[in-house]
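Sharing a structure below in structure tokens format, with a few things to ask.
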There are 4 protein chains.
Amino acid sequence: MPKIVDEQTREATRRRIIREAAGEFARLGFDQANINTIAEQAGIGKGTIYLYFENKRELFLAMLRYIAQAHMAAIRAAIAADGTLEQRLKRLFLAFARLAAEENDSFNVFMSALYGVNRAFQAEATKLLRDYLAVIALMLEQSRAHGELQCDNLEATALMVLSLTESYVLSARVLGQADTDIWKQADDIAQFILRGIGALA
Amino acid sequence: MPKIVDEQTREATRRRIIREAAGEFARLGFDQANINTIAEQAGIGKGTIYLYFENKRELFLAMLRYIAQAHMAAIRAAIAADGTLEQRLKRLFLAFARLAAEENDSFNVFMSALYGVNRAFQAEATKLLRDYLAVIALMLEQSRAHGELQCDNLEATALMVLSLTESYVLSARVLGQADTDIWKQADDIAQFILRGIGALA
Amino acid sequence: MPKIVDEQTREATRRRIIREAAGEFARLGFDQANINTIAEQAGIGKGTIYLYFENKRELFLAMLRYIAQAHMAAIRAAIAADGTLEQRLKRLFLAFARLAAEENDSFNVFMSALYGVNRAFQAEATKLLRDYLAVIALMLEQSRAHGELQCDNLEATALMVLSLTESYVLSARVLGQADTDIWKQADDIAQFILRGIGALA
Amino acid sequence: MPKIVDEQTREATRRRIIREAAGEFARLGFDQANINTIAEQAGIGKGTIYLYFENKRELFLAMLRYIAQAHMAAIRAAIAADGTLEQRLKRLFLAFARLAAEENDSFNVFMSALYGVNRAFQAEATKLLRDYLAVIALMLEQSRAHGELQCDNLEATALMVLSLTESYVLSARVLGQADTDIWKQADDIAQFILRGIGALA
DNA sequence: CATGAATGAGTCTTCATTCAT
DNA sequence: GATGAATGAAGACTCATTCAT
């Protein structure tokens with residue numbers, strides 16, 4: 001009954017597969033990605049993947065969920081409830097910029113899922129999008145409670161904040177801007193948002 | 001004389017292929033899209049497509065360029081140099097919203113190309129993104145000349161405007177918002193931007 | 001519009017595939033038979049088979065139906081309505097013996113389908129079995145009308161006749177009897193049947 | 001002492017595997033049958049099967065031999081040397097009918113092996129066929145000694161008897177006849193055979 | 001002895017592309 | 001030019017078998 005050891009090994013293998021899958025999916029997209037290649041890179045046999053994931057689709061979704069968890073953890077940490085709204089906005093923007101830079105693969109694969117055509121994946125990615133919006137809305141609400149801003153429509157505003165952070169970072173990277181250059185814009189973005197939501201009269 | 005007629009027929013066929021390709025690619029994505037189906041829907045033989053396009057990839061790119069032209073025409077018309085900056089921003093937002101609603105297929109296919117993983121397609125889609133930014137930057141410059149705003153970094157500001165219009169529309173649709181609801185937000189978005197760029201004291 | 005020529009070529013290819021399929025299926029059974037091998041032996045490309053048959057299963061069924069037609073033609077010819085009942089019974093037995101000897105592959109594949117476990121194939125093979133019984137019953141009816149025999153239950157009797165001809169041949173071959181030896185038993189079998197059905201008081 | 005217990009346990013496990021294998025093979029055929037499923041249904045680990053049987057093929061053959069023993073025992077009991085030839089023939093027919101009805105799985109799997117394409121299995125099944133013929137020939141010989149019939153060629157006659165009993169039952173079942181209906185035909189079949197072999201003037 | 005996680009050979013099927021007509 | 005029959009590379013997935021525990 002070496003259950004504990006097994007469970008650990010199993011989880012480690014599962015992680016390794018997901019990591020390699022993320023690389024492959026990010027590089028080639030869902031259809032072009034090759035299960036055999038993923039297995040090779042994960043250092044396991046071709047059939048072994050199917051002991052961990054039902055099929056290619058489920059592997060992709062599992063990977064997406066794993067990414068989602070990691071990203072949400074990063075975002076939550078970034079806009080933890082301390083400091084001014086300006087500071088939190090800057091940290092949010094920088095969190096997205098860092099994710100895009102350091103978790104390049106998973107950031108790309110998530111964006112592809114979100115804005116791609118495969119509805120099944122879009123549904124899963126949309127969940128993460130809603131989580132983003134929820135924590136942003138929470139941050140705005142807290143700031144409103146602190147009298148830092150007045151705001152009627154929290155949801156719409158949250159979506160504007162998200163567009164000016166995540167989408168901005170995504171577009172900037174697509175346009176070829178260097179990550180360090182993007183980081184430098186944190187101040188401007190934060191200022192823009194604060195003025196936009198009327199927190200900086 | 002027959003030259004012209006032939007040329008017209010040829011161009012018409014080319015358009016028909018591209019139109020059907022847009023539908024198929026938007027619905028299924030590049031890999032899942034089927035050349036045979038596109039040919040059938042375009043009312044031509046399977047082999048005929050290869051008389052018009054080198055291969056599947058080139059067909060996709062041609063379609064992307066065709067979409068880009070149409071979209072840019074719509075955007076240019078929307079922010080033609082008349083009216084106040086606020087009016088022009090509202091028209092820009094509404095233009096994106098209408099493209100997303102009425103040219104659903106081509107809007108989706110373009111976003112997939114832009115944020116998807118295939119670099120060749122991303123490069124092509126990025127061109128359109130740059131064109132967007134250029135016309136937005138031009139608009140901002142004209143407004144600055146009119147004294148409507150002060151602005152140091154036109155490029156970064158243009159990207160913020162783009163994020164708050166195109167990306168906002170895209171995200172809102174992914175979240176399942178109705179098109180009519182999105183349209184109603186034009187005023188708020190425009191106000192947000194104007195305040196953000198410091199045009200509304 | 002070279003329809004006629006095409007139609008002929010197409011039909012020829014179809015026949016060739018079916019012929020090779022019969023050999024492969026008879027030698028290895030449905031599951032072990034290899035579509036690639038069939039294609040190679042038929043002198044066509046791997047994918048071409050799928051232009052003629054939906055999938056492996058449909059190819060098998062088409063082959064079964066083709067065999068059924070050929071066998072029924074042979075059986076009908078054998079017990080054509082001329083000669084005495086004894087002569088017709090001998091011809092029937094010999095027809096089965098010849099089919100088993102000369103159309104070895106198709107005889108085997110049909111028997112496998114009939115007595116094998118795959119229900120879908122069994123259903124198709126059962127149709128042929130019923131056809132056999134129908135023509136045998138018809139023969140018995142004609143003989144009864146001629147006063148050659150008295151018989152209450154035509155169906156059951158027909159099944160006995162079939163068992164003593166087809167099944168007998170099949171069993172004899174499984175037991176390793178030489179085809180020529182089997183042929184020699186036609187007289188005895190016919191006599192047995194005639195006595196059995198009470199036509200030889 | 002523990003030797004015997006172990007030996008018993010081992011034999012019991014072997015039996016259980018064979019029993020489950022018979023069900024699986026009868027239902028799906030050799031190729032489609034799944035070793036894993038058999039192990040599960042036998043309540044043992046996948047690998048354990050290989051401690052009892054060399055491989056899938058050997059398991060199938062062992063099962064075939066096991067079935068053969070059981071069937072032969074039933075047939076031997078049915079035509080035990082008491083009663084008239086007519087009674088013994090009826091008991092033979094009913095024995096096959098009961099085997100087909102009550103030992104459905106093993107009857108089917110045996111017939112598949114006998115008339116299927118896999119030569120190795122056919123060889124094994126043929127052994128049982130020869131055993132059948134031997135006991136039938138013995139019965140005929142005993143009847144001849146009792147003066148119940150005259151017969152030159154015992155082997156051929158035995159094969160006819162087998163065709164009119166086993167093969168008849170098999171065909172009747174393939175045609176969908178109910179088991180109870182088949183049983184009712186025992187008298188007719190016996191009469192037919194007796195007349196056929198000249199035992200009923 | 002018993003187990004079941006790991007393996008990888010094997011196969012059907014799809015579909016972009018070619019080319020003879 | 002137009003066609004669509006033919007092609008074959010490519011890949012997801014299964015499952016009998018092994019072997020470390």
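Below, chain A is the first sequence line, B the second, and so on; all start at residue 1. Given the structure is predicted, the values throughout are model-derived calculations rather than measurements.
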Legend entry - Nearest-nucleotide comparison on DNA chain E, the residue closer to the 5′ end among A:I44 and B:N34: A:I44

Inset, instruction - With DNA chain F as reference, determine whether B:G47 or C:G47 sits nearer its 5' end, using the nearest nucleotide of each. - result: B:G47

Legend entry - Which residue lies more 5' along DNA chain F, comparing C:T13 with A:E54 via nearest heavy atoms: C:T13

Inset, instruction - Report the distance from atom CG of C:L64 to atom CD of C:Q122, rounding to the nearest 0.5 Å. - result: 11.5 Å

Legend entry - base_contact_polar (E:dA16 base, B:K46 side chain, donor-acceptor, <3.5 Å): no

Inset, instruction - Starting from P on E:dA16, measure out to CD on B:E58 and report it in whole angstrom. - result: 15 Å

Inset, instruction - Taking only the side-chain nitrogens and oxygens of B:R10, find out if one of them lies under 4.0 Å from OP1 or OP2 of F:dG1. - result: yes

Inset, instruction - Starting from C1' on F:dA9, measure out to CG on A:N36 and report it in whole angstrom. - result: 14 Å

Legend entry - Under-4.0 Å salt bridge between A:E7 and A:R10: no

Legend entry - Residue A:T48, side-chain atoms from C-beta onward, closest of F:dT18, E:dT7, F:dA12: E:dT7

Inset, instruction - Look at the rings of B:F30 and B:F25 and say which category their plane angle falls in: under 30° parallel, 30 to 60° tilted, over 60° perpendicular. - result: parallel

Legend entry - Any D:Y52 side-chain nitrogen or oxygen under 4.0 Å from OP1 or OP2 of E:dA2: yes

Inset, instruction - Consider the side chain of B:Y50, meaning its heavy atoms from C-beta on, and name the nucleotide among E:dA6, E:dT17, E:dT13 that approaches it most closely. - result: E:dT17

Legend entry - Integer-rounded Å distance: F:dG4 C1' and B:I38 CD1: 17 Å

Inset, instruction - Evaluate the side-chain proximity of B:L59 to B:I35: yes if any heavy-atom separation is below 4.5 Å, no if none is. - result: yes

Legend entry - Atom-to-atom span, CD of D:E40 to P of E:dG4 - whole angstrom: 10 Å

Legend entry - From E:dT13, F:dA5, F:dC13, nucleotide with atom closest to C:I35 side chain: E:dT13

Inset, instruction - Rounded off to whole Å, could you give me the CD-to-P distance for the A:E7 and E:dA5 pair? - result: 11 Å

Inset, instruction - Answer yes or no: is there an ion pair linking D:R16 with D:E20, defined by an N-O contact shorter than 4.0 Å? - result: no

Inset, instruction - When you get a sec, tell me which of E:dC12, E:dT17, F:dA12 is the closest nucleotide to the side chain of A:K56? - result: F:dA12

Inset, instruction - Tell me which of B:F30 and D:G43 sits closer to the 5' end of DNA chain E, going by the nucleotide each one is nearest to. - result: D:G43

Legend entry - Pair assignment for F:dC19, Watson-Crick or G-U wobble, requiring both distances under 3.5 Å: E:dG4

